[in-house]
Number of protein chains: 2
Amino acid sequence: MALSAALLAAAGELTQRIHEGVVARGFEGVRPAHGFAFARLAPDGATVGDVAAHLGVTKQAASQLVEELVRKGYVERRPHPDDARARLVVLTELGWACTRAAEEAAADAVRAWAEVVGEDEMRALHARLAGIAPYGPIRPAW
Amino acid sequence: MALSAALLAAAGELTQRIHEGVVARGFEGVRPAHGFAFARLAPDGATVGDVAAHLGVTKQAASQLVEELVRKGYVERRPHPDDARARLVVLTELGWACTRAAEEAAADAVRAWAEVVGEDEMRALHARLAGIAPYGPIRPAW
DNA sequence: AGATTATGGTCAAGCAGCTTGACCAAATAG
DNA sequence: CTATTTGGTCAAGCTGCTTGACCATAATCT
């Protein structure tokens with residue numbers, strides 16, 4: 001199996017498992033791309049442009065995605081403290097709960113893998129990946 | 001950076017580099033998903049259903065993709081030797097040339113990574129990934 | 001300062017690629 | 001030899017993204 005195929009298969013499988021875990025924990029109407037947006041929003045919020053760059057899509061697409069998350073109650077738009085044009089998108093309590101659920105689901109999935117290849121190996125894998133693609137966007141499609 | 005994000009970023013970056021390499025070698029009108037279809041078709045051809053399973057999409061979607069590749073001259077449909085319902089999709093000479101170009105581009109990209117983390121590490125990475133997601137579909141999107 | 005350009009964001013329209021549903025022909029099962 | 005399953009296509013529809021236009025604020029330049 002080619003490396004690219006292996007990477008994609010692993011990434012896809014992990015993404016799907018996390019998504020299933022999130023749904024199983026009772027969060028509805030969320031897609032994997034939302035989860036990656038949450039990851040960018042989590043610490044202190046972010047602008048639509050930040051989310052767009054993180055997901056590797058246009059600002060308009062990110063704006064639509066945020067709008068959807070607002071409708072569903074996962075995030076809210078607040079005025080940006082330093083820039084009157086910008087709006088700071090922050091997670092609501094529901095958004096935080098969903099993020100925690102995703103982290104739990106991810107931990108479960110990684111644990112399952114660690115049982116196959118060993119925990120040290122997983123850490124090594126993670127470290128190598130981080131060295132290879134430090135800050136690339138999380139392309140939701142291609 | 002979370003493992004899933006690292007996996008996706010790495011997978012996305014590699015996919016994109018391969019794609020750029022293929023385009024730079026003069027092949028037009030091909031998308032990454034086509035390359036993954038080629039990988040399934042490469043040895044001896046495959047049916048539309050096989051391609052669908054490999055890509056993780058419906059038969060209809062795979063059928064459309066194959067139709068597009070036929071139009072562009074990368075593959076052709078032949079009667080299936082053992083089953084009159086089925087049709088064997090095989091690469092044309094152009095399709096083989098494109099596949100070779102993709103392999104070259106992939107080798108270039110992997111070489112660049114190997115310079116960062118070391119060649120042994122790349123092999124180890126590959127082996128671990130293969131152990132983790134042995135035969136999952138290559139989901140083109142989510 | 002005022003004029004100009006750049007930046008953050010949204011609205012609107014269009015499109016590519018996927019899905020579901022219906023259907024046909026050949027293969028397999030009863 | 002009917003009845004069901006399987007491989008494949010046709011058709012219609014939808015979702016999520018893109019490009020293009022536009023507004024308001026910020027930064028830059030005389």
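A note on names: the letters A, B, ... follow the listed sequences, proteins ahead of strands, and every chain is numbered from 1. Please read all numbers here as calculations on a predicted model, not as lab measurements.
One interatomic measurement links the two molecules: CG of B:L88 to P of D:dT6, which rounds to 20 Å at whole-angstrom precision. With rounding to whole Å, A:D83 atom CG is found 12 Å from C:dT7 atom P. With rounding to whole Å, B:L55 atom CG is found 15 Å from C:dT19 atom C1'. Between A:R31 atom CZ and D:dC14 atom C1' there is a gap of 13 Å when expressed in whole angstrom units. The separation between A:I138 atom CD1 and D:dG16 atom P is 19 Å, rounded to whole Å. Taking atom CG of B:L69 as the reference point, atom P of C:dG17 lies 11 Å away to the nearest angstrom. One interatomic measurement links the two molecules: CD of A:E67 to C1' of C:dG9, which rounds to 12 Å at whole-angstrom precision. C:dG21 atom P lies 14 Å from atom NZ of B:K59, rounded to whole Å.
Of the charged side-chain nitrogens involved, at least one lies within less than 4.0 Å of a carboxylate oxygen, so that B:D108 and B:R25 count as a salt-bridged pair. A salt bridge links B:R77 with B:E67: the closest approach of a Lys/Arg side-chain nitrogen to an acidic carboxylate oxygen falls below 4.0 angstrom. In this structure, A:E115 does not pair ionically with A:R111, as no charged nitrogen and carboxylate oxygen lie closer than 4.0 Å.
Under 4.0 angstrom from either OP1 or OP2 of D:dT9 there lies at least one side-chain N or O belonging to B:S63. OP1 or OP2 of D:dG8 has not a single side-chain nitrogen or oxygen of B:R77 nearer than 4.0 Å.
Checking C:dC18, C:dG17, D:dT9 against every side-chain atom of B:V57, the shortest atom distance belongs to C:dC18. Of the listed nucleotides (D:dT18, D:dG8, C:dA26), D:dT18 has the atom at the smallest distance from the side chain of A:Q64. Closest to the A:T58 side chain, of the nucleotides C:dT19, C:dA25, D:dT18, is D:dT18. Distance from the side chain of B:R85 is smallest to D:dG7 among D:dG7, C:dC18, C:dA6.
Among the heavy atoms of the strands lying under 4.0 Å from B:A84 are primed sugar atoms or P, OP1, OP2 only; no base atom is included. Among the atoms of the strands shown, only primed sugar atoms or phosphate atoms (P, OP1, OP2) are found under 4.0 Å from some heavy atom of A:T47. Across all strands, B:A86 comes closer than 4.0 Å only to sugar-phosphate atoms, never to a base (heavy-atom distances).
With hydrogens and angles ignored, no donor-acceptor pair closer than 3.5 Å exists between the side chain of B:Q60 and the base of D:dG7.
A:R31 and A:H34 share a side-chain donor-acceptor pair at under 3.5 Å.
B:V23 and B:Y74 end up in different hydrophobic clusters when Ile, Leu, Val, Met, Phe, Trp and Tyr side chains are linked at under 4.5 Å.
Comparing A:L65 and B:A46 by the nucleotide of DNA chain D whose heavy atom lies nearest to each, the residue mapping closer to the 5' end is B:A46.
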